Engineer: 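One structure is given below, represented as C-alpha cells, and several questions about it will come after.
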Amino acid sequence: MRRLKLEPWLLILPVVVLLLVGFVLPVASVLLSGFTTPGGGWTIENFTRFFESAFHTGAAMRSLRMALVQTAVVLLISLPLAYAMSRASAKVQAFMMIAIVLPVMTSVVVRSFGWVILIGPAGPLADIPGFLELSKSRQGLLGTELGVNIAMVQVLVPFAVLSILGVLNGVDRRLEEASRTMGASFGRTAWSVVFPLAIPGAIAGGTLAFAMSISSFITPNLIGGAQIPVLAAIIYTDATTNLNWPFAAAQSLLMLIVVLVTIGLTAKLSARR
Amino acid sequence: MRRLKLEPWLLILPVVVLLLVGFVLPVASVLLSGFTTPGGGWTIENFTRFFESAFHTGAAMRSLRMALVQTAVVLLISLPLAYAMSRASAKVQAFMMIAIVLPVMTSVVVRSFGWVILIGPAGPLADIPGFLELSKSRQGLLGTELGVNIAMVQVLVPFAVLSILGVLNGVDRRLEEASRTMGASFGRTAWSVVFPLAIPGAIAGGTLAFAMSISSFITPNLIGGAQIPVLAAIIYTDATTNLNWPFAAAQSLLMLIVVLVTIGLTAKLSARR
Amino acid sequence: MAELIISSVRKSFGETEVLKGIDISVPSGTFVSLLGASGCGKSTLLRCIAGLETTSGGSITVGGQDVTDLAPEKRGLSMMFQSYALFPHMTVLDNVRFPLRMQGKRYGNRAKQKELAKQALDQVRMGDFASRLPRELSGGQQQRVALARAIAGEPRVLLLDEPLSNLDARLREEMQVELIELQRVLGLTTVFVTHDQDEAMSLSDQVVLMRDGVVEQAGTPEELYRRPRTPFAADFLGAANLLDVSVEIDNSRATAVLAGGDTVPVRTSNSGAATLVLRQEKVRIGDPLSTDDSVVTATVVSRVFRGGEVQYLVEYQGAMLRVVANGESMLSAGDQVELSWSSSDALVLS
Amino acid sequence: MAELIISSVRKSFGETEVLKGIDISVPSGTFVSLLGASGCGKSTLLRCIAGLETTSGGSITVGGQDVTDLAPEKRGLSMMFQSYALFPHMTVLDNVRFPLRMQGKRYGNRAKQKELAKQALDQVRMGDFASRLPRELSGGQQQRVALARAIAGEPRVLLLDEPLSNLDARLREEMQVELIELQRVLGLTTVFVTHDQDEAMSLSDQVVLMRDGVVEQAGTPEELYRRPRTPFAADFLGAANLLDVSVEIDNSRATAVLAGGDTVPVRTSNSGAATLVLRQEKVRIGDPLSTDDSVVTATVVSRVFRGGEVQYLVEYQGAMLRVVANGESMLSAGDQVELSWSSSDALVLS
Amino acid sequence: STTSAPSGNSDGGAPVELVVTSFGGDWEKAYIEAVVKPFEEEYNAKITLVTLYSADALAQLTAQASAPQLDVVHFSGGQEAIAAAQGLIDPVDPADLTTFDDLSPIATEGLERGEGPVMQVTPIGIVYRSDVIEKAPNSWEDVFDPKYAQHVALTDLSNSYGLLSLLAVNETLGGDTDDLEPGLDALGDLAQSGDAIVIKTSADMQQAFSARDIWIAPYSQDYAETLRKAGLDVEFAVPDEGAPASFITANVVAGRTNSDLATKLVDFSLRPEAQATFAEAMLYSPVNTTTELSSDIADTVIHGDALSKLVRYDSTVLNERRAGWTDEWNLRIAQ
Ligand SMILES: Nc1ncnc2c1ncn2[C@@H]1O[C@H](COP(=O)(O)OP(=O)(O)OP(=O)(O)O)[C@@H](O)[C@H]1O
Ligand SMILES: Nc1ncnc2c1ncn2[C@@H]1O[C@H](COP(=O)(O)OP(=O)(O)OP(=O)(O)O)[C@@H](O)[C@H]1O
Ligand SMILES: [Mg+2]
Ligand SMILES: [Mg+2]
C-alpha cells in the first residue's frame, strides 16, 4: 500500500536534513563569498578575473580533460576487473579487493614516489613519452598529463571496481549461462549481458571517479608538478597560501558547475542510448 | 566446464600484472627505504624512533581510533540511506546520488571552510564541545577530534552509500515483500533481510572508508589543526617538509600494516559471527 | 480463522488494467482456488490481498477488519510466492523459522521455533535438507521449502501462488493431502492459485474462475463443472469440446443442428445460436450404448498415448474434437469413427 | 539434427553425489523426456549436457563430437532454464532475438532477426507482449518467453527444463502441439524435463525415468507403462496401487496371496514375495464384469471430485488404494465396496 | 592567571607553554639544539613546535586572527610585512632585545615597520651536482648552458626561493622589479622547451636531484646543505653577479598572553651561541656580528661585511606584485 513507499523516507529524513544543514548551507554560503569583495560588497570581479586569465581557464580545461580521460580509462579497466572478481571464489575476491584498495591505504607521498621511480627518467617506462612524442624532456612521464593520468587511474580504480563489483555480485549467474547456451562466447556474454547489467554500478563508480579526479590535487602536484597545474590545486593555493578566499570560492563554484553539467550531460546521453 | 572458471582470469591477467608491476613493486621498494640510513646502509632506527616517540605513537593511535569511529558512523548512516535510495524511483535515486556525491566534487578547502563556519566558535554547534566537555577552548569543534570526525564522515559517506546501493539494487524486492507478509515490520525486515544481504557492500564501503580515513590529512589539518595531528599528516610533513624520506617510509609501512591487520581482523570477526 | 472479503478490487499497471473489479467472499476456514489462464491476474490479486500492491479501487476485509490500507505484516496472513522468494542468506531451516521468529512471543524460544520449523519441513518431506542453503536445492525442493515457510506461521489467511507446480504427481498428491489436513485442523482460510483445474477441483471448497481480470464464475467444484455458465468456464474446467449449433424448439423438445446437418437432442429452453459442450470423457468412440444416444461420424486425426488411456483428436465437419478411449485402443489417423453421447451429457449454452 | 550420447556421466556437489553414472542415448531428431521425482537430478543432468557444470566423470557426445570439455556456446544447443533466466534489461522481443543475434550470420540483419523472434513469440502466444520487460509479465508469460527464446535459435539439441509447469491445461496443450510440430519439422533432438508423467508419455518418443541420480528405466512411453521393471517405475508412470503379496505357483498357475488372505490369479513364473501392481483405472468398483476377475472387499476412506471422474481412497487390509469411478458416483466414507480387476491387468514384479 | 607570569617562573612550578612554528627537518633539529633546549631550561618554559611553512603559517594567523593559537612564527618569504600591516604580529621593541647592539643592520631594519628581527639569512645561488659538473658555475646564466639542457630544475613562484631566483636571473639579463620580462622570457622558454623542469617544494628539489637526473638548479644554500646531508653529491655556488637571500624572521604573534616570554625567545635565537649552531648545521649566515664560526665553515658561510652584499628585496613591493607575476609565470611554464 501507499505506506510501503513512504516508510524508507521516514527512516532517512533525519539524514537528509543533516546533509542539508551540515553541508549544503555552509558550502553554499562559502561559495557565495565568491561574489564578495574583501571589503564585503558584491562583485563579479572574481569571475571576470578567472575568465580573463589564460592560465586559469587553461588549467580548468586541463582538469576537465584529465578527469574525463581518467574516468573513461578507470571504467575500461574496472568493468572487466570487477567482472572477473565477481566470478572468483569469496576468498580470491576478498584478496583481490585488498590488493586493489592497497593504493588507497598507502600514504599519498609513498604512492607517488613509487610512480616517480617507475615512470621517472630512470624508470622502465621512461622512453614512452619520447616514443609517443608527448614530451621533449627526458623526465619520463613525470611532469606530463599522461603520467598524472596513470597515477590517478590507479587510485580511482578501486572506487569504480567496488561499486561495479557490488552490482555484478547480484547478477544471477544463470543469465550468463543462458547466454552461453545460446551461442554467445564469453566475450559476447560479457558485452551483451553482463556489462549492460553493470551500468548502474559503472555510473556510480564513474561519477565518484570523476568527482574525485577533478577535486584532487596532491597526486597531480607530486607527479605533474608546476607545469601541469590543475584547478583544484590552484584553488587550494589561492585559499591557503594567497589567502584570496573570494577568488578561491568563485573558482570552486565554477568547478562545481562544470562537474554537475558534465555529469548531467553524461546521464542524459547514456539514458538516450 | 573447467574453461568457464578460467576465462575471466585470462581477461584480467594483464590488469593484475599491471597492478603488480605498476603498484606493488615500486611501492614496496619505497617502503623498504624505511630500513635505510641516509648514507644507504640498513637500519631499524626509523622504527625504534617511531616507537620511542610518544608524539608519533600517539598520533598513530589517534589516527586509528578516528578511522574506526568514522567508519562505524559512516556505515550506520550509509546503510539506511542506501536502503531508502534503493527503494526510491530511478529519478529520485539519481538526484540523491548527486546530492551525496556533492561534497566529493567540492574543493576540500571550500568544504572544510563550510565546516569551520558551522562548527567554529561562531557556529550553531559551537556549544556542543563545552557541553560534552570535549574541549576547553572556545573554538567550537575546531581543533577537536569530534570536529574532524564530523567533517570526514561527510566525505566518506558517499563512498559507502554507493557501494551498498549497488548491492541493494540487486536484491529482489520480493524478499522484503515475503518478509512483510510473514509478520515482519519494515524495521525488522530491514534488519533481518535487507542489511544481512547488504553486508558485502558494507564491507567494501567500510574498507574504502577506513582506508581513505586513515590516509587523509588535508581535512584533519584544516579542521583539527596542529593540535590534532594524524599519522598521515606527519608522514606527509616528514617526506615533503622534513625531507626525511626513510622515516616517512617507515611510518607508512607501519600504517599499512596496521590497516591490513585491522581489516583482516574485522573480516575474521564478521565471518565468525 | 478469518473471513476474507474482496469487493470490487481494481488494479492497473500504468495503462493496463489488470484487475477490473473483483468480488470474492471467502468464508472463514474455507479453501478457495483461484483458477485461470496464464496472465489473467491471479498473482496480482493475491498480492493485493497481501498488501503488496496498492489497489486502484475497492476494499479488502479480513475477519471483519478493513485491511485495504494496512501494512502487510499487520494483516495476519502469509503468502507463498510463485517465484518462492526464499531468503538466500539463510539456511532452509532459518527460512522456515523466519515467520516464527517474527512472531516471537507466540512461538517461544529458539529451540521451540526450530522444532516447529523442523516439523513444517517434515510435512513437505524436506526435513533432511534443513541445513542447506536455498541455492543448493532443486527447483521442486525450493518450492516445498517456500510452502513450509508459508504454513509454518499458522496465519489467519494463507495465500498460495501455484505452490505445487514443480512437483511430480506423487509428491503433489502428498502435499495436497497435507495441505487439506492442515487447513481442516487449523481452520485456515486458504486462497490457492493454480493453473491446474484438476487440482482446483479436488482440493477446493470453492473455485473462483478468473478471466482477463474479472471473475468468470465462482462456486463449488461440482457447480462449476456441472453448470458452467459460459463456454469458457465449461472448457477451462473440463477439457470440453465446443461445437457451434443452432437450437430448434419444437413442442418443447429441443434439437441442436450441428455443422454437418446432423441433429441431436439437447436439453434447453432457448432456441437460436448456441454452443454445444461435450466433455471429452462423455463422448464414446464406437457403437452407442443406448438408442437414445446422439451419434455422428468423424475422422481420426491423431492418437496420443497417455498411459491409462488414449486420447484421439478427431475431426467433425472442420471442428477438432478430443475424445478418449481406453489404453488398448489402436485406431490410427484417417480411420472413420462413430462418436456417440447421451443427450443428458450434452450441455447447451446460449 | 544431432545424436546425443551421454555415457556414465557423474556429478557431485561437494560430498553429495547427484548423478551416479548416467547412460542415455538420444537418436538424432527424437524427443526424449527426463522424468523423475523432485530432486532426482534432472536439472543437473541437463546442465551437464549444456556444459554448465563440470562433470565428475563420463563423457557427452553431440552429433558424433565429444563435447565433454567444450565451451557451452560451441555445443550448438539451447537450454531453457527451470527459473527462466530471462535477461532483465532486454525487452521480450530482444530476449527472444538474442540467440539469433549471437549467430548473426545465419539469421541475417536486424529486421530479419526481429521478424523471426516475433514468429517465435507468436508460437507461444506472446506476440502482444513483445515490447514489455520481463518483470512486467506474469509467471506463465515469462515461462513462455523463455520457451520462445530457447526455440528461436533452431539449435541442434534443445534442452527444456520443465518448460510448461506454469501453464494452464489449454495453453499447455497448445504449447505441446507447437513443440512437437517444431521438433518434427526441424528434426530437433529434444530433451524435455518434466515432473508430469502424462506429459512425458504423450509427447515423447522415449521416456527416461530417473531416480536418485540413476536411470531407473528408459524406453518408449508404452513400454514403460506396460512393462515397468520396478514398482517405482510402475507407480511413477501410472498412479498405481502397490500391494505386497506372496506368489505361489501350482501347476504353472500362479496365485498371489494378499494381506487379507485373499488369493487372486496372476501371470508370473516366479514364486515368492512380490509386488502386485494395480493401476487405479483398471480397478472397478462394484460387481465384477466377468467371473474370472479378482474380487476383494474394501472400505471407502475418502472421495475426491475431479470433474469427469471421482477418485476414492479405499482401505484394504491396512493398505490404501486409489480407485476411480465416474463423475456421478456418490459413495461416502465408511461404505463397503467390492473392488475387482481382470487378472490380465494385474502386474506382478518380484 | 597572573602567577604563570609572562617572564616564566624560574622558581619551579608548571612550565609556561609557547607554540612556535618550525620549518621541520634539519632546520628544526638545529633550532631545538640551539634554542628550544637551552631556552626551556633557562626560563622553565615548554616549547611546542608546529611544522608550518611561511605561507601556511600566515594563513593560520589570518584565520585565527580573533583567537590566535601560535606564539612565535617564523617567516622566510617576506610574509612578515603582510602580517605586520594587518596587525597579526606585535612590533618588537629594540629595548627588549639584549642582543640588539650586536645585530647586523639588516637584521633590525624591519623593526620599525613592525616586523620581527631577521634571525637567519640564507643566500639563493646555484645548487649543482659536483659529480657531473666539474667546474663550479659562477653565473646565473649557467642555467641556460646547453650542456645542462634536460638537467635543470627551476622553482615555482609559489615558493619564495623561486621568486628570488627569478629576480636574480632577471637582473642578470637586464631587467628589474619593474620589468620582469627578460627573466620570465628566458626561464619560461627553458621550461617550455622541456630542457628544465619546474618543482614546487624543497622535497621536490631533493627528489629532482636524487630520482630525476637533475644536475643544476637555482636554490638556497640551507637546502643545499640538507641535500648534502641526505647523501647527494651537491655543492652550492654564489654567482658572480650577486645573490639575493631569503631572510628568515622571528615574529611575536599579537593577542597572546605570553608575548613577553615569546619576545625573550626571539631574543634568545639571536644570541651568538644559537647563531653559531645555525651556521654549523645549515650554513645560515649569522646576523649577530659577535658570532664565532669554526674554520671549516668560515669560508662557506657568508658573514660579516659580505652580508651587506646579499640583496634584500622590498617585501612590500614583492608581496604586491607577486600575484601578477605568478599568473604570468604560470602561463609561461604550463605545458
Ligand atoms: N549446489 C548444490 N549443492 C548441493 N546439492 C545440490 C546443489 N545443487 C543441487 N543439489 C542437489 O542435487 C539434487 C538434484 O538437483 P536437480 O536440480 O538436478 O533436481 P531436479 O531433478 O531438477 O529436481 P526438480 O524436479 O525439483 O527440479 C537435489 O537433491 C539437490 O538438492
Ligand atoms: N509491472 C507490470 N506492468 C505491466 N503489466 C503487468 C505488470 N505485472 C503484471 N502485469 C500483467 O498483468 C497481468 C496479470 O498478471 P498476473 O501475474 O497477475 O497473472 P497470473 O494470473 O498470475 O498469471 P500466471 O498464471 O501466468 O502466473 C498479466 O497480463 C501481466 O502481463
Ligand atoms: Mg502468477
Ligand atoms: Mg529441476
Side-chain angles (χ1 to χ4, degrees), chain A residues 4-5 75 78-80 82-84 86-93 163-207 266-273, chain D residues 43 46-54 62 67 70-91 94-107 113 117 120 134 145-161 191:
Chain A
L4 274 185
K5 289 186 181 155
L75 288 179
S78 302
L79 272 169
Y83 180 33
S86 77
R87 293 306 171 248
S89 70
K91 256 214 174 100
V92 173
Q93 198 175 116
S163 74
I164 296 172
L165 183 60
V167 174
L168 284 185
N169 273 336
V171 169
D172 189 343
R173 286 200 194 190
R174 273 170 298 198
L175 299 181
E176 286 157 67
E177 294 178 347
S179 166
R180 298 300 290 275
T181 64
M182 287 182 282
S185 63
F186 174 74
R188 293 201 74 177
T189 300
W191 183 255
S192 304
V193 177
V194 180
F195 292 166
L197 290 169
I199 283 179
I203 287 181
T207 306
T266 320
K268 269 270 163 58
L269 281 180
S270 67
R272 190 170 303 162
R273 214 170 37 102
Chain D
S43 300
L46 226 51
R47 291 173 54 83
C48 288
I49 301 174
L52 302 173
E53 299 280 0
T54 322
V62 175
V67 300
L70 213 60
E73 71 270 18
K74 302 213 173 101
R75 300 186 176 201
L77 40 73
S78 178
M79 174 160 166
M80 172 181 168
F81 288 63
Q82 195 168 6
S83 56
Y84 318 153
L86 295 176
F87 301 129
H89 60 300
M90 299 183 193
T91 62
D94 285 343
N95 260 284
V96 179
R97 192 163 71 90
F98 189 84
L100 307 175
R101 252 174 69 206
M102 291 302 121
Q103 302 159 39
K105 282 151 273 155
R106 255 173 76 198
Y107 294 98
Q113 288 171 9
V145 174
L147 180 58
R149 189 177 66 171
I151 60 179
E154 299 184 2
R156 295 196 294 171
V157 176
L158 184 61
L159 306 173
L160 303 173
D161 200 348
V191 181

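Bear in mind the structure is a predicted one, so any value in this text is a computation, not a measurement.
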Engineer: Who among D/G153, D/G76, D/P99, D/S78 has the most heavy-atom pairs with chain A under 4.5 Å?
Structural biologist: D/P99

Engineer: If you round to the nearest 0.5 Å, how far is CG of D/L86 from CG of A/D172?
Structural biologist: 11.0 Å

Engineer: Restricting to non-hydrogen atoms, name the atom on A/R180 and the atom on D/A71 that form the minimum distance, rounded to 0.1 Å.
Structural biologist: NH2-CB, 3.8 Å

Engineer: Nearest heavy-atom pair of D/P72 and A/T181: which atoms, and what distance?
Structural biologist: CB-N, 4.4 Å

Engineer: What distance do D/H89 atom NE2 and A/I199 atom CD1 have between them, rounded to the nearest 0.5 Å?
Structural biologist: 8.0 Å

Engineer: Below 4.0 angstrom, N of the basic side chain to O of the carboxylate: do D/R47 and A/E177 qualify?
Structural biologist: yes

Engineer: I'd like to know if the side chain of D/Q103 reaches the main chain of A/M182, judged simply by a donor and an acceptor atom lying under 3.5 Å from each other, with no hydrogens or angles considered.
Structural biologist: yes

Engineer: Identify the heavy atoms of D/E73 and A/G183 that sit nearest to each other, and give their distance.
Structural biologist: CB-C, 3.5 Å

Engineer: Which answer fits D/M80, side chain, backbone, both or neither, if we ask what part of it has an atom under 4.5 Å from a heavy atom of chain A?
Structural biologist: neither

Engineer: To the nearest 0.5 Å, what is the distance between OG1 on A/T189 and CZ on D/F98?
Structural biologist: 5.5 Å

Engineer: Do you know which two heavy atoms are closest between D/M102 and A/S192, and how far apart they sit?
Structural biologist: CE-OG, 3.6 Å

Engineer: Counting only heavy atoms closer than 4.5 Å, note whether A/R188 contacts chain D via side chain, backbone, both or neither.
Structural biologist: side chain

Engineer: State, to 0.1 Å, how close D/F87 and A/L175 come at their nearest heavy-atom pair, and which atoms those are.
Structural biologist: CE2-O, 3.3 Å

